[in-house]
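Proteins get letters first, then strands, A, B, ... in listed order; numbering begins at 1 in each.
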Amino acid sequence: MAVPPRNDGRVILHLDYDCFYASVFEVEQPALRSLPLAVQQKQIVVTCNYEARRRGLHKLQLIKDAKRICPDVVIVLGEDLTKFRNASKELYLIVRSFIWGGRVEKLGFDELFLDVTEMIDYNTGVLNPNDLSNSFFVLDRKDPTVGFAYDATRYQGLTFPATEAAPIAQKDPFSLEMRLLVASHFQWFLRSHMEHEIGFTATGGISTSKLLAKLVGNVHKPNGQTTLLPPYTAAGDNPSNVTHFMDDHEIRKIPGIGSRVAERLKAHISGAESVDEKITVRDIRQLPGMGPPLLEKILGGPGSAKGVGTRMWSILHGVDNTDVLEGRDVPTQISIEDSYGRLDTLESVRRELVTLSRSLIRRIRTDLLERSDESTPQGRWLAHPRTLRLSTRPRPPPDMDTTRAYNFNRISRSAPLPSFMFSLDENIDALAERLVKESLLIMFRKLHPEKAGWNLSLMNVAVTNMVETAGDQKQSSGRDISKMFRQQETVLKDWTVQEPESPSVSVQASRAPIGGSPGTEPQSAEAEDGWDDGDEDEPLASSGVLCPICGACIPHFAQVAHETYHSAPE
DNA sequence: ATGTGGGAG
DNA sequence: GGTTCTCCCACAT
């Protein structure tokens, strides 16, 4: 069976912030870094830092188990996602400011895909093949003095397959090997910047597609980075590294193969026989008669995506030609939900709907309202959602447990979103009451016509169907990097601490490390031309600042909490 | 346009 | 699978 063609013309990075929710708290309160820390939502640990993992905790663990296993675990509540959302957006903006063309795609709060093809093509083009160990990576096309020095005879970080740190043989700057090698240095620079300037460590993957970059990043976690080495195509007897890399993966670990697809593939391979075997990509790929048509037969059917067979066959060979999508200015939907131990009276439903509606309105305003400057209290709407949706999840009756009866349902009703939701004069409480009375309760009755007998485990209120309003301003793609560093400096000077008794500390701007590495101290470089010859003050910085009291790097979203942390009585 | 299902973190 | 709280896409109607 023919292997589908792969596009190796691009260079894609994947970034994954380590235990993101926990890191957000650690950045606010650096003392937490050395303690076992777990983030709680309802009765479970949604994530925990690595100190906690060392002591046996893990994601999605029951709180009571976590406390039993690690009695001195520090538990923080993470049900309100606001600070995670803010931190995520700041990090996204910072990363995007480095990427030519702005092709940075968010996946959830804590992952990014970067298409760095442009930057890499430029930077392989300026290599001097006779002096690769003294190379300079240009970050800003408009100012080629902005960048960092690196050694282009070695990969930065780790590789798959693992290699000695021997210098590479390849010196053709247009080879895939050189492109990935240069990209590995840029990835390292980015992670160093995130760690030392912002306070977040991240794990990275480097390859030619989103699929491979993400998968190969998983090889060294946390705070590592891995490049998937060429050759990417089989030559003579030896298979490509792509096939070698893909083949040992359990199918369920492959992005795009979820639980449903994995189940069906499993059922097919082992017939009605053994139930719990680990099925790898190789097992599927090498099955007699396997190919797009058979996969289509196994996975096709009503509701399944068209062309699944072909797409799966590609994925099994590590082929993924999907683009890195540019980030959007407005989300396609905004939703708020809560889960409940018991929710079985109309009055409690009404109360909860009002609470959810209040949060939703706040979110609509922060995400869809453009506040051009802080001087303008009210801005323009970036988009108007046209549809309101109420979803619930009825609690399954207690007597059902075995045999494949389907479960896990959400049901929903939609309706037009009333236009009063865009009024900025009325207060949020009044709007929420009105939304519940005039829309949500009616929709609820359609979902649950019986006036009793139901019991809900979850309610979700969402707005969708965004219609963007006018003035679609292009996002300037090639941001000026040197200006960004200047902005950081400006903020450093401006950040003063309110406490009267706190010593006045003169803070110095820290710079992006030159050839520095995550896990080492940033080198304080002397000023270089083009880095800080700023002549004006930009009002806004998108990066972190140094706390004058403890010296930690604190992103903007965390400044208030961090000051509170210092001023809290011990 | 509305509702469901599957994927992701 | 389900625990949490989202966001996105595709399909079917």
Side-chain angles (χ1 to χ4, degrees), chain A residues 14-21 38-47 58-66 77-85 88 105-113 203 210-211 214 218 252-264 299-308 311-312 315 322 325 327-328 330-341 356 359-360 363 367 386-393 395-396 400-417 443 446-447 457-467:
Chain A
H14 179 254
L15 263 186
D16 185 340
Y17 311 128
D18 301 322
C19 47
F20 180 59
Y21 286 8
V39 181
Q40 173 180 16
Q41 283 173 346
K42 295 290 155 33
Q43 81 277 32
I44 64 169
V45 173
V46 287
T47 194
H58 54 82
K59 291 178 174 180
L60 304 187
Q61 192 171 37
L62 288 172
I63 288 288
K64 64 169 156 60
D65 293 341
L77 202 59
E79 288 167 21
D80 181 349
L81 304 186
T82 306
K83 69 169 73 172
F84 310 131
R85 193 151 38 223
S88 174
E105 178 179 345
K106 254 161 80 71
L107 183 57
F109 285 165
D110 67 333
E111 292 185 32
L112 298 174
F113 291 105
T203 292
K210 293 201 283 186
L211 206 219
K214 180 175 164 72
N218 290 334
R252 184 58 240 281
K253 299 285 183 55
I254 306 302
I257 300 184
S259 45
R260 301 292 159 158
V261 168
E263 260 175 40
R264 292 224 229 171
L299 304 175
S304 63
K306 207 187 68 171
V308 242
R311 252 202 319 287
M312 279 306 148
I315 286 175
T322 62
L325 305 176
R328 309 151 184 263
V330 293
T332 63
Q333 70 163 264
I334 298 173
S335 75
I336 297 288
E337 70 185 40
D338 204 348
S339 55
Y340 309 93
L356 290 171
S359 303
L360 183 63
R363 283 266 274 122
D367 287 10
R386 286 209 272 125
T387 306
L388 178 68
R389 186 180 61 219
L390 173 65
S391 309
T392 65
R393 187 173 64 203
R395 191 175 302 286
M400 88 121 285
D401 51 355
T402 64
T403 47
R404 306 298 70 184
Y406 48 74
N407 230 359
F408 114 90
N409 285 342
R410 278 150 104 113
I411 51 178
S412 70
R413 291 292 179 271
S414 304
L417 182 70
M443 297 159 73
K446 290 185 188 168
L447 279 172
S457 62
L458 175 139
M459 288 204 298
N460 175 299
V461 184
V463 290
T464 63
N465 205 355
M466 304 288 178
V467 178

Rounded interatomic separation in angstrom, taking [atom1] from [X] and [atom2] from [N]:
X	N	atom1	atom2	result
A:Gln61	C:dG1	CD	C1'	18 Å
A:Ile411	B:dT2	CD1	P	17 Å
A:Arg311	C:dC9	CZ	P	14 Å
A:Arg413	B:dT2	CZ	P	12 Å
A:Phe109	C:dC7	CZ	C1'	8 Å
A:Asp338	C:dT6	CG	C1'	12 Å
A:Arg260	C:dC9	CZ	C1'	17 Å
A:His14	B:dG9	NE2	P	8 Å

Have a look at [X] and say if it touches a base, only the backbone sugar-phosphate, or nothing, with a 4.0 Å heavy-atom cut-off.
X	result
A:Gly78	nothing
A:Glu111	sugar-phosphate
A:Ile257	sugar-phosphate
A:Leu81	sugar-phosphate
A:Gln40	nothing
A:Leu112	nothing
A:Lys59	nothing

Select one nucleotide: of [options], the one nearest the side-chain heavy atoms of [X].
X	options	answer
A:Ser412	C:dT6, B:dG9, B:dG3	B:dG3
A:Lys306	C:dC8, C:dC11, B:dG3	C:dC11
A:Ser339	C:dT6, C:dC5, C:dT3	C:dC5
A:Leu107	B:dG9, C:dT3, C:dT6	B:dG9
A:Arg328	B:dG9, B:dA8, C:dC8	C:dC8
A:Glu263	C:dT3, B:dA8, C:dG1	C:dG1
A:Ala305	C:dT3, B:dA8, C:dA10	C:dA10
A:Ser259	C:dC5, B:dG7, C:dC7	B:dG7
A:Gln41	C:dT3, C:dC5, C:dT6	C:dC5
A:Val261	C:dC5, C:dT6, B:dG7	B:dG7

Between [N] and [X], is there an OP1 or OP2 to side-chain N/O distance shorter than 4.0 Å?
X	N	value
A:Gln43	C:dT4	yes
A:Arg363	C:dC5	no
A:Thr332	C:dC7	no
A:Ser335	C:dC5	no
A:Lys106	B:dA8	no
A:Ser414	B:dG3	yes
A:Arg410	C:dC5	no

Any ion pair linking A:Glu337 and A:Arg393 (charged N to carboxylate O, less than 4.0 Å)? no
Got [X] and [Y] here, is their nearest side-chain heavy-atom distance under 4.5 Å?
X	Y	answer
A:Leu299	A:Ser304	no
A:Ile334	A:Met466	yes
A:Asp16	A:Leu107	no
A:Thr392	A:Ile411	yes

Classify the ring geometry between A:Tyr21 and A:Phe84 as parallel (under 30°), tilted (30 to 60°) or perpendicular (over 60°). parallel
Name the residue closer to the 5' end of DNA chain C, choosing between A:Asn460 and A:Arg395 according to the nucleotide with the nearest heavy atom. A:Arg395
Note: for A:Glu79 and A:Gly301 on DNA chain C, the residue whose nearest nucleotide lies more 5' is A:Glu79
Got more than 12 heavy atoms from elsewhere within 6.0 Å of NZ, A:Lys253? no
Using atom P in both nucleotides, what's the gap between C:dG1 and B:dG5 to the nearest angstrom? 16 Å
If you measure from the C1' atom in C:dT3 to the same atom in B:dT4, how many Å do you get, rounded? 22 Å
Partner of A:Met459 under side-chain contact (heavy atoms from CB on, under 4.5 Å), chosen from A:Asp338, A:Leu356, A:Ile336: A:Leu356
Ranking A:Pro416 and A:Asp16 by the position along DNA chain B of their nearest nucleotide, the one closer to 5' is A:Pro416
